[in-house]
Protein chains: 2
Amino acid sequence: MGTTATEAVPEPKYWQLRTVLVRTIDQEFSTGEVLPNERDLAARFGVARATLRQALDQLELEGRLVRRRGIGTLIAAPRMGIPVAEASSRDTWRIVDCGLGPAPAAVAATLGLDATDEVHTVRRVRMMAGQAVGTETLFVPVRVMPHVPGFLAESSRARAVLKQFQALPIEGESRAVELGVAEEEQARLLERPPGIPVLVLTARYAGESGTLAVATSTYRADTCKLTFGDTGVEVRAAS
Amino acid sequence: MGTTATEAVPEPKYWQLRTVLVRTIDQEFSTGEVLPNERDLAARFGVARATLRQALDQLELEGRLVRRRGIGTLIAAPRMGIPVAEASSRDTWRIVDCGLGPAPAAVAATLGLDATDEVHTVRRVRMMAGQAVGTETLFVPVRVMPHVPGFLAESSRARAVLKQFQALPIEGESRAVELGVAEEEQARLLERPPGIPVLVLTARYAGESGTLAVATSTYRADTCKLTFGDTGVEVRAAS
DNA sequence: TAGTGGTCTAGACCACAAG
DNA sequence: TTGTGGTCTAGACCACTAA
């Protein structure tokens, strides 16, 4: 037959489609512009809508597109660089709540606590350019921070915990970044539906005697780029 | 009517399904075990196979499941912690190739090069526990590293570049992590199909006179957790 | 009200691995 | 050959936005 054997397994349509769309987007569209709707695009490329959506899913995961129900599919703005390692000179955080009680099992293990130990728990949302980009939950054992006044209102206690945290004798920090999806709680704080991909950052703050505190953060993977060290690097892609 | 308005917008089926599956997996399965096949699972939960797959997609993105064509769906092992910031005491890398020529536009901009400047380009694959977990492409301008012998074979030249890189007067490093998908090139090196989610790490190495080198890496997001600082933190999830 | 993306279905065929 | 996950289709209905 006339079929050449070189392309034994052709690439899936949605991946070919993605390649075409990447080129089209880079060449003919700019930030904020609206793509044709999914039904038209699917018809134009001669595929089912589900297949087109599979390609758009990829581009959304890469942060190139934003889809808004009722509106359309837009070209996304470049990701924001979020400084993550510094003591945060000028940051905007919104405190959500502050509790006192047992820690989740995983946190307790890292902090070296037993079941009866309690921790201060402060949750806050990180704002940038007017939108919620990340959530953070800070865990500090009560035995590390015993002098938080108990009579304070919740928001005042949160501020007290954060202030005392700044003063802790931190000797070393370690962090880990991995991929996750936002559950109901985080999704609500990020003002997005559950299931959106997030970068999960876990930070451990060590003192002489061991781990003093643990923080777990989630950042919107579609719009955020976590930066460590100096300012964000401008490199994006490089084959 | 009898409908209560409290649950105005019910959660999508695939998300409910994910919640059920998370519980089932955590309670009744352990690493390496095989789930029932997709058609049976879909039937058991009374949904279409596509809907079930949407739930499994989420769990795969979280690194809880691994799907193997022709085999089945397995419970994934915990993610490997990949140290990323250190000078890499004991690491296994496999050199792929080494070139000399103009840099990609984004890299050239970061390095402050004009169109005529050339860079050494070394690509290598990072191995862990016998499998490829990440790729790295290192870019060093020729003017920063002018004394690489030109008569060497490719693999020798790669080693020479890496060795001289270790000796560069690095004064500061900055890094950024974001989500991406593996294109053909990276996917091949990672021995996975194109489109798999990857953590894209860009590192900039600064000297007194400016940026001396740039490296862009991609790590399999399903199996890797990038760690900075000391050893990996053991915390996983925490509402 | 019209148009958009989000969800869901029921079915088909393909590529891959194992017996 | 059988059973698995991977891809693709054609269609339906829903939720949200804006005119």
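Just so we're on the same page: letters track the sequence lines, and every chain starts at 1. As a basis for the values below, the full set of heavy atoms in this structure was taken, side chains included, without hydrogen atoms, waters or symmetry mates. The shown structure was predicted, so the numbers you read here are calculated from the model rather than taken from an experiment.
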- So, is A/Arg67 close to the C/dG6 phosphate, meaning a side-chain N or O under 4.0 Å from OP1 or OP2?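 True: A/Arg67 side-chain N/O within range (under 4.0 Å) of C/dG6 OP1/OP2.
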
- N or O in side chain of A/Thr73 less than 4.0 angstrom from C/dG5 OP1/OP2: yes

Does this structure show an ion pair linking [X] with [Y], if we count only N-O contacts that are shorter than 4.0 Å?
X        : Y        : value
B/Glu191 : B/Arg188 : no
A/Glu185 : A/Arg123 : yes
A/Arg64  : A/Asp26  : yes
B/Glu183 : A/Arg18  : yes
A/Arg67  : A/Glu60  : yes
B/Arg204 : B/Glu173 : no

- Using heavy atoms and a sub-4.0 Å distance, could you list which residues of residues 29-42 of chain B are near DNA chain C? By number, please.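 The answer is B/Arg39.
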
- Message: Expressed as a whole number of angstroms, how long is the span from B/Asp57:CG to C/dG6:C1'?
- Response: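 These atoms are roughly 15 Å apart.
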
- Task: Report the distance from atom CZ of B/Arg68 to atom C1' of D/dG3, rounded to the nearest whole Å.
- Result: 16 Å

For nucleotides 7-9 of chain D, which of its nitrogen or oxygen atoms have a protein nitrogen or oxygen under 3.5 Å away, and what is each distance?
from, atom 1, to, atom 2, distance (Å)
D/dT7, OP1, A/Tyr14, OH, 3.0
D/dC8, OP1, A/Lys13, N, 2.3
D/dC8, OP2, A/Tyr14, N, 3.3
D/dT9, OP1, A/Lys13, NZ, 3.0
D/dT9, OP2, A/Ala48, N, 2.8
D/dT9, OP2, A/Thr51, OG1, 2.5

- Between A/Gln16 and A/Thr19, does any side-chain donor sit less than 3.5 Å from a side-chain acceptor? no

- Message: If we count only N and O atoms by modelled type, under 3.5 Å, do the side chains of A/Arg53 and A/Tyr14 hold a donor and an acceptor together?
- Response: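 Judged by distance alone, the side chains do not pair up.
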
